[in-house]
Structure formats: structure tokens, C-alpha cells
There are 2 protein chains.
Amino acid sequence: MPRRDTKQKILSAALKLFRKQGFDRTTMRQIAKSAGTSLGSAYYYFPRKEALVLAYFEDQMALHEAGARAAYQTTQDPYERVLAAFMVRLDLMAQDQKFFGGLLRTLGEPDSSVSVFSEENTPLRRRGIAILREALEVPGVPEAARDDAALMLWALVLGMVLYFVHDTSEGAERTRALAGRAVGLLVPSLALLELPQAQMLRCELRSMLADAKILPDT
Amino acid sequence: MPRRDTKQKILSAALKLFRKQGFDRTTMRQIAKSAGTSLGSAYYYFPRKEALVLAYFEDQMALHEAGARAAYQTTQDPYERVLAAFMVRLDLMAQDQKFFGGLLRTLGEPDSSVSVFSEENTPLRRRGIAILREALEVPGVPEAARDDAALMLWALVLGMVLYFVHDTSEGAERTRALAGRAVGLLVPSLALLELPQAQMLRCELRSMLADAKILPDT
DNA sequence: GTTCAATATTGAACGTGTTCAAATCTCAGG
DNA sequence: CCTGAGATTTGAACACGTTCAATATTGAAC
């Protein structure tokens, strides 16, 4: 336990305020004060306001991985495994609807260090894709299709997050239902990716996404 | 021609500056000055900085519609028609890569009047979906699937825009190629939407997107 | 020309994200 | 204990998005 736990205090304070007031209505000054530190100190640890949300998202990744892996132990059905990964993600975000939009603010900033799509955050994307790929490591999914399927599922998770921040239903039940249906549509189609006709598309998709720095170079 | 054309002057000045400097690096003060008006005046016409990009996007919609319809005259092939709609969109955006991220900044703000997903901008979304649906009004596409297919294609356009702002290739050639491939994959699959099994999914998708205010209520 | 309601313009001011030089703290080494 | 390098904290200041009360303009009606 480090003597000075400032970074964690700031993040905790931020999350509490974000949950209560939302991203935009929470000021960095409030966060610093609530954390018992200065405004400059908050910026020392988090370069931008959005970085707070991103840091939280990163912290959650470990929980997501653990939760998903626990669920993977219970079933070999690809649909159920993928759905479990989606639901764990949603469970983790349950209290966070008011401020997860903050994560989306930087989507269109190719060079920003706090964009999910930035080069800096390649490891984060890699992990997000990897945990979904693990769901597909079962007999029902062709080996050759797993990488591309994981990528598609990752994009779908992003779409789900976008939908989630707009969802006004109790317990985000609409998001859950939609995710369930989307997964139910997509997962059985994975076999199509193994077809020879899809081969060229798959290679091109991967290379293009890598070039746009969305995917790690392979 | 109105005596005072301030709104248009501000928008023109903004676009010129955005193209040169990008969205974030262009200040409202610069825009107002360049338009020969005051900062407050700029805000009189555009409630937020992002509203400038949105207004431009709206203006482009008419051009998009015209361009797409012209292309639709030349072919009855659904793939070609849909692809044409996508390419017209990209042509219109060609000079705008540096600032189209500004349009994405508000994606995660459900209540913001300048979000593409906001209730205020339902007509805009409706038009975007409608022009794509027009592409599908040909014999090769089942009538029952056209609405849902148009919706999916609209989501794909959004994904394309997201990819576009990250694309570093000359003339956004990568975006073009990816769009071509994606359309080539999706359009032939439209027949699947007519299957009885897809019926329930389609109804549920529509109702959910409507409830999240992403789709117009029907 | 005058009047008046509606519209448009203005610029000072505010709030907030962010910056940064100065000061302080920490800890390992002597 | 002292020293010094590196890390951390600080708060004043800056820039910019945004606001808003006061003022000016416009155009229709008389």
C-alpha cells in the first residue's frame, strides 16, 4: 500500500461524483476537492477529464476478464459464452450509465491518448478482443474464424456501450435483450467466415483495421 | 438573399478554419472574427461548437440525397446502388477528415441537441435511413426486409464515418475499400432478413431502437 | 416619418478544462 | 543527519466554450 495513494483517491472521488452527477456536470475542481487534493494534482495523474473514465474502464478490464472466464468454465456453448462476456461487461457498467458517455467523447480523436482507438490504448483493445476470442475457443467455432469473429464481437460491444448510454429502461434491460439477440444472430453465422469466399474479406479487413491503428499490427 | 447573412458567414468561416486547423484547434473566437461578427453572435446561431459541424452535416444531406438519387438512376443492382450512396457520402466528406470527429464528440450525450442520436435530430436520421432505403427499392431486395436493412446500412455508414476520421490513406482509399467490402458482404445477406426466424428479431430491434430514441417512433 | 415588437448583435463576464513554475515531499545513499 | 534527484503537490493563471443583459437593427403598420 503506497504511502501516498493520491491517484486512487482521485479516481474514487471522480467515480462517486460521476455516478451522482454525470460526466459533464462534474468538474475537475469538485473531484480534486473531494479527493482532498489540488486541481493540479488531479491533472498530474490524469491528463484529461476523460482519462478518468478510461482509467476506470481499464481497471474494469481485469474484472471483466475474471468474470467472463468464470462463466466460460460453466459452458461450452459459444452463444452462451459470448453472451456471458457481454453480460459481465454490462454488469460492471450497471452504475455507470450517467458517465460512460465520457468514454465516447474522444472516439473521433485519432491522436488523443484518451481515445479507445488510440495507439496508446492498443493493449486495452487487445485485451478486449482477447477475452472475446477466449469465448470462441470451443468446438462449435471454426479455428480459422476465431480472430475475425472476436474482432466483430468487440465492435459489437462498442455498439452495445453506445446503446447502453442511451437506454432508459430499468436495469438497462433493453440493452441486455438487444445484446442477447444480436449475439444470437451473429454467433451462429460465424461458420460463414470459414468459407473460402470470405477469406479475402477477412484478410483485407484485418489489414485495414491495423493500418488505421484500430487493431494491433500483426 | 437575406440582408443579413450572418449565419451562413459564420458557418462558412468555421468550415474553412476547421478544414485548415481541425475542430479542436479552431476557436469560436477565431470563427466569429473571421466571419466579421461577434462571439455572442456566433452563439446566437449555433448553440454549441459542435452545432456547426452538425449544421454542415445537415446541409450535406441534400447533396447526399441528390447524388445518391442520380446514381440510382443508372443501376438496378442493389449492391451498386448502396455502394453509390456510401461513396457519395465519402465524396462529400473528402475535405473534412480533420473535423468530422467533432460530429462524434456528442455521440454519448443522449440529451444533447447536437448529438446525431438526439430526439431533435430524428428527422436527420430519418433522412439518412430513407436515402439508403431508396437504394433497396429494386427487385433483388425483399420488400419486407427493406426497412431493417436500411437501418443496418445506416449504422454501417456511421461506422464508416468513424473509420474515416482515423484513416490516414490517400484519398481515404482504405475507407472506400472497406465500405465496398462491407456492403458486398451485407447486401447479399439481406435475403436472410426475410426469413421467418428473423421476424421476431427485426421487430424487437426496431422497437428497442425506437425506445432508445435512436429510431423514430412508428 | 414614427412606433413598436421581434430579431440580431455585442462584449464583458463567468465557469471550467488545462497548464506550469515554484515549492514541497520522499527516499536512497553517504 | 544531510544531500540531492526525482516525484508530487500547489494554486495562480490562462485559454476557450459559453452565457446574458444591454443595445442596435429591422421591417411592418400607421
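Throughout, a chain's letter reflects where its sequence line sits, starting with A, and its residues are numbered from 1. In this text the structure is predicted, and so the values were computed from the model without any measurement.
Among the nucleotides D/dT18, C/dT10, D/dT9, the one closest to the side chain of A/S38 is D/dT9.
No donor-acceptor contact under 3.5 Å links the side chain of A/R29 to the base of C/dG15.
Distance, B/K33 NZ to C/dG11 P: 13 Å, rounded to whole Å. Rounding to whole angstrom units, NZ of residue A/K9 and P of D/dT9 are separated by 9 Å. Atom CD1 in A/I10 sits roughly 14 Å away from atom P in C/dT18 (whole-Å rounding). As rounded to whole Å, 10 Å separates atom P of C/dT19 from atom CE of A/M28. One interatomic measurement links the two molecules: CZ of B/R25 to P of D/dA15, which rounds to 16 Å at whole-angstrom precision. For the pair A/D5 CG and D/dA7 C1', the interatomic distance rounds to 15 Å; values are reported in whole Å. Spacing between atom CD of B/Q21 and atom C1' of D/dA15 amounts to 15 Å, rounded to whole angstrom units. Distance OH (B/Y43) to C1' (C/dC14): 13 Å, rounded to an integer number of Å.
Using a 4.0 Å heavy-atom distance criterion, B/R48 is classed as a sugar-phosphate-only contact. At a threshold of 4.0 angstrom between heavy atoms, the contacts of A/T27 are confined to the sugar-phosphate backbone, with no base atom among them.
A close approach under 4.0 Å does occur between a side-chain nitrogen or oxygen of A/Y45 and OP1 or OP2 of D/dT9. Taking only side-chain nitrogens and oxygens, A/T37 comes nearer than 4.0 Å to OP1 or OP2 of D/dT10.
Using a distance-only test at 3.5 Å, with no hydrogens or angles considered, a donor-acceptor pair links the side chain of B/K49 to the main chain of B/F23.
In this structure, A/D167 does not pair ionically with A/R176, as no charged nitrogen and carboxylate oxygen lie closer than 4.0 Å. Using a 4.0 Å cut-off between a side-chain N of Lys or Arg and a carboxylate O of Asp or Glu, B/R105 and A/E109 qualify as a salt bridge.
Between B/K7 and A/L39, it is B/K7 whose nearest contact on DNA chain C lies nearer the 5' terminus. Place B/K49 and B/S41 on DNA chain D by their nearest nucleotides, and B/K49 ends up nearer the 5' end.
Using a 30° and 60° split on the angle between ring planes, A/F100 and A/Y56 fall in the perpendicular class, above 60°.
Under a cutoff of 6.0 Å and an axis angle of 45°, B/K7 and B/F46 form a cation-pi pair.
D/dC30: Watson-Crick or G-U partner is C/dG1, with both key distances under 3.5 Å.
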